[in-house]
Colleague: 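Take a look at this one; I'll ask things after.
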2 protein chains.
Amino acid sequence: MTPRDISIGLLASETGCKVQTIRYYEEIGLLPEPPRTAGNQRVYDERHVKRLSFIRHSRELGFSLDAIREMLALSDNADQPCETVDRIAKSHLDDVVEKIAQLTSLKKELQRMVKHCKGGRISECRIIEVLADHSHGHCLTDHKV
Amino acid sequence: MTPRDISIGLLASETGCKVQTIRYYEEIGLLPEPPRTAGNQRVYDERHVKRLSFIRHSRELGFSLDAIREMLALSDNADQPCETVDRIAKSHLDDVVEKIAQLTSLKKELQRMVKHCKGGRISECRIIEVLADHSHGHCLTDHKV
DNA sequence: CTTGCACCTACAGTGGCTGTAGATATTAGG
DNA sequence: CCTAATATCTACAGCCACTGTAGGTGCAAG
């Protein structure tokens with residue numbers, strides 16, 4: 001029939017995706033339900049490999065499943081303008097940039113904390129102190145969560 | 001009795017923590033069960049405010065509830081050396097640093113993607129292309145997830 | 001005394017999987 | 001052809017750190 005029929009395990013190892021995750025993607029409608037063998041086992045083909053690779057790579061780049069769902073829908077309409085895809089990617093990029101800023105300010109605060117710890121007793125530990133009493137001064141970085 | 005008895009709502013507004021979250025922390029044993037009024041409502045005092053502030057600030061710094069649980073246990077033993085606290089904080093700092101590195105490499109890849117999108121049709125969209133076909137070349141950044 | 005808000009318990013849902021149990025299918029070796 | 005090992009099947013529970021909901025009770029002000 002199709003040039004190459006593969007089992008779910010093979011699809012998993014080709015895409016670096018766990019078998020359960022593939023079934024999960026099918027359940028939430030990200031992957032189409034594949035045909036089955038007489039014994040009820042899923043049979044995939046090249047198109048599934050492509051679609052799942054798209055999903056996996058998008059996930060590695062941190063896109064949400066909802067964003068991926070939207071991009072997949074768009075990628076099926078080759079004639080449509082790619083504004084929406086561009087918007088999704090840019091918005092995600094903004095999120096990433098903001099997250100980096102947050103983490104960087106976090107890093108500074110943690111570094112200050114750790115630096116001040118002289119390795120003595122809990123009672124004189126700067127880390128505990130800072131955690132217990134954020135309100136008192138030395139708050140350089142106002143990071144929002 | 002105690003200098004200042006406060007309700008759960010007041011504790012919430014003083015610490016910037018939602019009421020449900022306070023009850024959740026109690027449920028998982030992070031906050032001690034407070035005494036109740038005759039009508040079964042929780043009554044807190046200054047010690048609860050302090051403990052919850054410690055938790056909230058630690059959470060803002062991204063510590064896990066397990067790490068916080070451990071640090072709280074340690075902070076009750078003023079005589080113990082603060083090695084463990086130091087280790088937890090340093091390990092968390094390491095995580096944050098690694099996360100920043102990951103996100104930075106992600107940012108670069110997203111920026112490259114977005115830059116190449118000329119705003120045409122889906123069929124010629126670089127973003128879709130890159131997502132669909134990660135394997136082909138131009139992979140500067142090998143970020144591990 | 002009533003109105004309205006704060007509080008109570010118990011439980012379901014979020015995202016994105018991951019792991020488990022117990023049953024069936026397939027495949028490789030003898 | 002038979003068996004044993006592996007792969008797959010379904011259905012469901014669990015992870016983290018909450019958040020939200022439904023349906024009921026407590027309490028203070030007017």
Side-chain angles (χ1 to χ4, degrees), chain A residues 5-31 33-45 48 51-52 54-72 88 91-92 95-96 99 102 106 145, chain B residues 5-31 33-44 48 51-52 54-72 88 92 95-96 99 102 106 145:
Chain A
D5 284 348
I6 63 179
S7 69
I8 196 170
L10 224 48
L11 178 58
S13 61
E14 285 203 14
T15 56
C17 189
K18 299 209 168 185
V19 167
Q20 287 110 310
T21 306
I22 296 174
R23 289 198 281 247
Y24 169 71
Y25 287 160
E26 179 184 325
E27 194 185 313
I28 62 168
L30 264 192
L31 270 184
E33 292 184 31
R36 306 276 187 132
T37 64
N40 198 34
Q41 304 203 347
R42 292 167 177 84
V43 182
Y44 296 95
D45 62 30
H48 293 100
R51 199 173 173 92
L52 185 51
F54 185 103
I55 297 170
R56 289 317 292 172
H57 186 212
S58 302
R59 286 294 300 139
E60 277 167 24
L61 290 178
F63 287 97
S64 72
L65 292 185
D66 272 355
I68 295 170
R69 194 191 307 275
E70 203 173 349
M71 293 193 293
L72 276 171
I88 292 174
S91 142
H92 180 51
D95 290 350
V96 169
K99 191 81 195 168
Q102 275 176 25
L106 221 60
V145 183
Chain B
D5 284 349
I6 63 178
S7 70
I8 196 171
L10 224 49
L11 178 59
S13 61
E14 284 202 15
T15 55
C17 188
K18 299 208 170 186
V19 167
Q20 287 110 310
T21 307
I22 296 174
R23 289 198 279 248
Y24 169 70
Y25 287 161
E26 179 184 325
E27 193 184 315
I28 63 168
L30 264 194
L31 269 184
E33 291 183 31
R36 305 277 185 130
T37 64
N40 198 33
Q41 305 203 347
R42 291 169 178 84
V43 181
Y44 296 96
H48 293 99
R51 200 174 173 93
L52 185 52
F54 185 104
I55 296 171
R56 289 317 292 171
H57 187 212
S58 302
R59 285 294 300 139
E60 277 167 23
L61 291 177
F63 287 96
S64 72
L65 292 184
D66 272 356
I68 295 170
R69 195 191 305 276
E70 203 172 350
M71 292 194 293
L72 275 171
I88 293 174
H92 180 50
D95 290 350
V96 169
K99 191 80 196 170
Q102 275 178 23
L106 222 60
V145 182

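Letters A, B, ... are given to chains in the order of the sequence lines, protein chains preceding strands, and every chain is numbered from 1.
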Colleague: B:Leu30 and side chain to side chain contact (heavy atoms under 4.5 Å, CB included): which single residue from B:Asp66, B:Leu52, B:Ile22, B:Leu72 fits?
Modeller: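 In the set B:Asp66, B:Leu52, B:Ile22, B:Leu72, the residue that makes a side chain to side chain contact (heavy atoms under 4.5 Å, CB included) with B:Leu30 is B:Leu72.
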Colleague: Does D:dT10 have OP1 or OP2 under 4.0 Å away from a side-chain N or O of A:Arg36?
Modeller: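 Checking A:Arg36 against D:dT10: at least one side-chain N or O falls below 4.0 Å of OP1 or OP2.
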Colleague: Can you check the A:Ile8 CD1 to C:dT24 C1' distance for me, whole Å?
Modeller: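 The distance from CD1 of A:Ile8 to C1' of C:dT24 comes to 15 Å, rounded to the nearest Å.
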Colleague: What is the distance, to the nearest angstrom, from the CD atom on B:Glu27 to the C1' atom on C:dA10?
Modeller: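 Those two atoms, CD and C1', are 9 Å apart.
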Colleague: Want to settle it: does A:Tyr24 or A:Gly39 sit nearer the 5' end of DNA chain C, counting the closest nucleotide to each?
Modeller: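 It is A:Tyr24, whose closest nucleotide lies nearer the 5' terminus.
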Colleague: Which nucleotide in the set C:dC8, D:dT21, C:dC17 lies at the smallest distance from any side-chain heavy atom of B:Arg42?
Modeller: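 Between C:dC8, D:dT21, C:dC17, the one nearest the side chain of B:Arg42 would be C:dC8.
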Colleague: If I take atom OH in residue B:Tyr44 and atom C1' in nucleotide C:dC7, what distance separates them, rounded to the nearest angstrom?
Modeller: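 In whole Å, C:dC7 C1' lies 11 Å from B:Tyr44 OH.
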Colleague: Report yes if a side-chain nitrogen or oxygen of A:Arg56 is closer than 4.0 Å to either non-bridging phosphate oxygen (OP1 or OP2) of C:dC17; otherwise report no.
Modeller: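 Indeed, a polar side-chain atom of A:Arg56 lies that close.
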Colleague: Any side-chain N or O of A:Tyr25 below 4.0 angstrom from OP1/OP2 of C:dC17?
Modeller: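 For A:Tyr25, the contact criterion (side-chain N or O under 4.0 Å from OP1 or OP2 of C:dC17) is met.
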Colleague: Looking at C:dG15, I'd like to know if its phosphate oxygens (OP1 or OP2) sit under 4.0 Å from a side-chain N or O belonging to A:Ser64.
Modeller: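 For C:dG15, neither OP1 nor OP2 has a side-chain N or O of A:Ser64 closer than 4.0 Å.
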Colleague: OP1 or OP2 of C:dT26 sitting under 4.0 Å from any side-chain N/O of A:Ser7?
Modeller: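 No, outside the criterion.
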Colleague: Roughly how many Å is it from CD1 in A:Ile68 to P in C:dG16, rounded to a whole number?
Modeller: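 Atom-to-atom, A:Ile68 to C:dG16, this comes out as 8 Å.
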Colleague: Quick check for you: among D:dT8, C:dC7, D:dT19, whose closest atom lies nearest to any side-chain atom of A:Gln41?
Modeller: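 Nearest to the side-chain atoms of A:Gln41, counting from C-beta on, is D:dT8.
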Colleague: Any non-hydrogen side-chain atom of B:Arg23 less than 4.5 Å from a side-chain atom of B:Arg42?
Modeller: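 Heavy-atom side-chain distance check passes, below 4.5 Å.
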Colleague: Specify the closest pair of heavy atoms between A:Val43 and A:Arg36, including all atoms of both residues, with the distance to one decimal.
Modeller: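 Looks like CG2-C, 4.2 Å.
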Colleague: Toward the 5' end of DNA chain D, which comes first, B:Asp66 or B:Asn40, by nearest nucleotide?
Modeller: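 Per heavy-atom nearest nucleotide, the more 5' residue is B:Asp66.
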Colleague: Could you check if a side-chain atom of A:Arg56 sits within less than 4.5 angstrom of a side-chain atom of A:Tyr25, using non-hydrogen atoms only?
Modeller: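 Yes; the side chains approach each other to less than 4.5 Å.
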Colleague: Side-chain N or O of A:Thr37 versus OP1/OP2 of C:dA25: is the shortest distance under 4.0 Å?
Modeller: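 False: A:Thr37 side-chain N/O out of range (4.0 Å or more) of C:dA25 OP1/OP2.
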Colleague: Can a side chain N or O of A:Lys18 be found less than 4.0 Å away from OP1 or OP2 on C:dG19?
Modeller: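 Result: yes.
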Colleague: Does OP1 or OP2 of C:dT18 have a side-chain N or O of A:Arg23 closer than 4.0 Å?
Modeller: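 No, outside the criterion.
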